[in-house]
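Any value given below was found using the heavy atoms of this structure, including those in side chains, with hydrogens, waters and symmetry copies removed.
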Amino acid sequence: QQQVKQSPQSLIVQKGGISIINCAYENTAFDYFPWYQQFPGKGPALLIAIRPDVSEKKEGRFTISFNKSAKQFSLHIMDSQPGDSATYFCAAPPGVSSGSARQLTFGSGTQLTVLP
Amino acid sequence: DGGITQSPKYLFRKEGQNVTLSCEQNLNHDAMYWYRQDPGQGLRLIYYSQIVNDFQKGDIAEGYSVSREKKESFPLTVTSAQKNPTAFYLCASSSRQGEYGYTFGSGTRLTVV
């Protein structure tokens with residue numbers, strides 16, 4: 001069974017600063033590793049995803065860094081804005097031996113607050 | 001527009017009562033999932049279904065039941081055996097292709113009264 005650890009639990013950043021959220025997973029996997037953004041009272045929405053054979057993926061102000069050997073990946077939000085204030089979840093696909101298709105295991109979430 | 005519809009948005013359950021949460025998708029996705037979200041605990045998998053008439057238990061299936069009679073629909077029943085059902089319930093679906101992982105519904109907040 002896949003395990004995911006996410007940190008920090010909460011993060012406060014000034015407007016224009018860089019927000020960094022880290023995740024570590026346990027079982028080697030070959031499917032996409034996604035990040036989700038969730039606003040209060042809403043369902044999570046896909047933010048960005050990365051394949052495990054890629055070390056970095058950038059989409060606008062959002063970048064995923066992936067370290068396969070360390071089984072760690074992180075989300076960087078550049079030039080953070082108050083509108084980025086939300087809860088962010090990382091997720092990992094099943095390990096090789098699970099036999100399940102796209103059964104994601106989620107981190108515990110990071111509540112990001114960007115101060116104006 | 002394609003998406004996932006969850007209803008109702010808010011649901012109140014009395015002690016000893018079974019309640020059913022609805023989830024419908026028009027994305028033509030094969031797989032559907034139910035997650036429970038509690039503060040500070042992230043999302044925990046209750047049940048998932050890869051195809052019609054087949055479903056598998058997730059990490060916290062006790063006290064819940066599901067059915068998958070149609071590809072578009074995956075209702076969740078919270079039974080009286082679930083001792084602490086107050087939570088935010090999220091339904092999701094996924095395609096086997098592409099990077100997009102899950103599409104989530106907007107959730108149902110269940111409260112025991």
Legend entry - Cluster link B/Leu27 to B/Val52, ILVMFWY, side chain under 4.5 Å: no
Inset, instruction - Find out if a path of hydrophobic residues (ILVMFWY) with successive side-chain heavy-atom gaps under 4.5 Å connects B/Ile46 to B/Tyr35. - result: no
Inset, instruction - Quick one: pull up CZ in A/Phe89 and CD in B/Gln37 and give me the separation to the nearest 0.5 Å. - result: 4.5 Å
Inset, instruction - Using a cut-off of under 4.5 Å on heavy-atom pairs, state which of A/Pro44, A/Gly43, A/Gly109 scores highest against chain B. - result: A/Pro44
Legend entry - Side chain / backbone / both / neither for B/Asp59 at chain A, heavy atoms under 4.5 Å: side chain
Inset, instruction - Could you state whether B/Leu45 and B/Met32 fall into the same hydrophobic cluster, counting links through intermediate Ile, Leu, Val, Met, Phe, Trp or Tyr residues with side-chain heavy atoms under 4.5 angstrom apart? - result: no
Legend entry - Nearest non-hydrogen partners of B/Tyr102 and A/Leu104, listed with the distance: OH-N, 2.8 Å
Legend entry - Within 6.0 Å of CZ in A/Arg51, more than 12 heavy atoms from elsewhere: no
Inset, instruction - Flag yes if more than 12 heavy atoms outside A/Lys71 fall under 6.0 Å of its NZ atom; otherwise flag no. - result: yes
Legend entry - Part of A/Gln6 within contact of chain B (heavy atom distance under 4.5 Å): neither
Legend entry - Segment of B/Leu43 engaging chain A (4.5 angstrom heavy-atom cut-off): both
Inset, instruction - Anything under 30° is parallel, anything over 60° is perpendicular, the rest tilted; go ahead and classify B/Phe104 against A/Tyr36. - result: perpendicular
Legend entry - Considering all heavy atoms, the nearest A/Gln38-B/Phe88 contact: NE2-CE2, 3.8 Å
Inset, instruction - State whether the number of non-hydrogen atoms from other residues, nucleotides or ligands found under 6.0 Å of A/Gln111 atom CD is greater than 12. - result: no
Inset, instruction - Would you indicate whether B/Lys14, at its atom NZ, is surrounded by more than 12 heavy atoms from other residues, nucleotides or ligands within a distance under 6.0 Å? - result: no
Legend entry - Heavy-atom contact with chain A under 4.5 Å, split by part of B/Gln56: neither
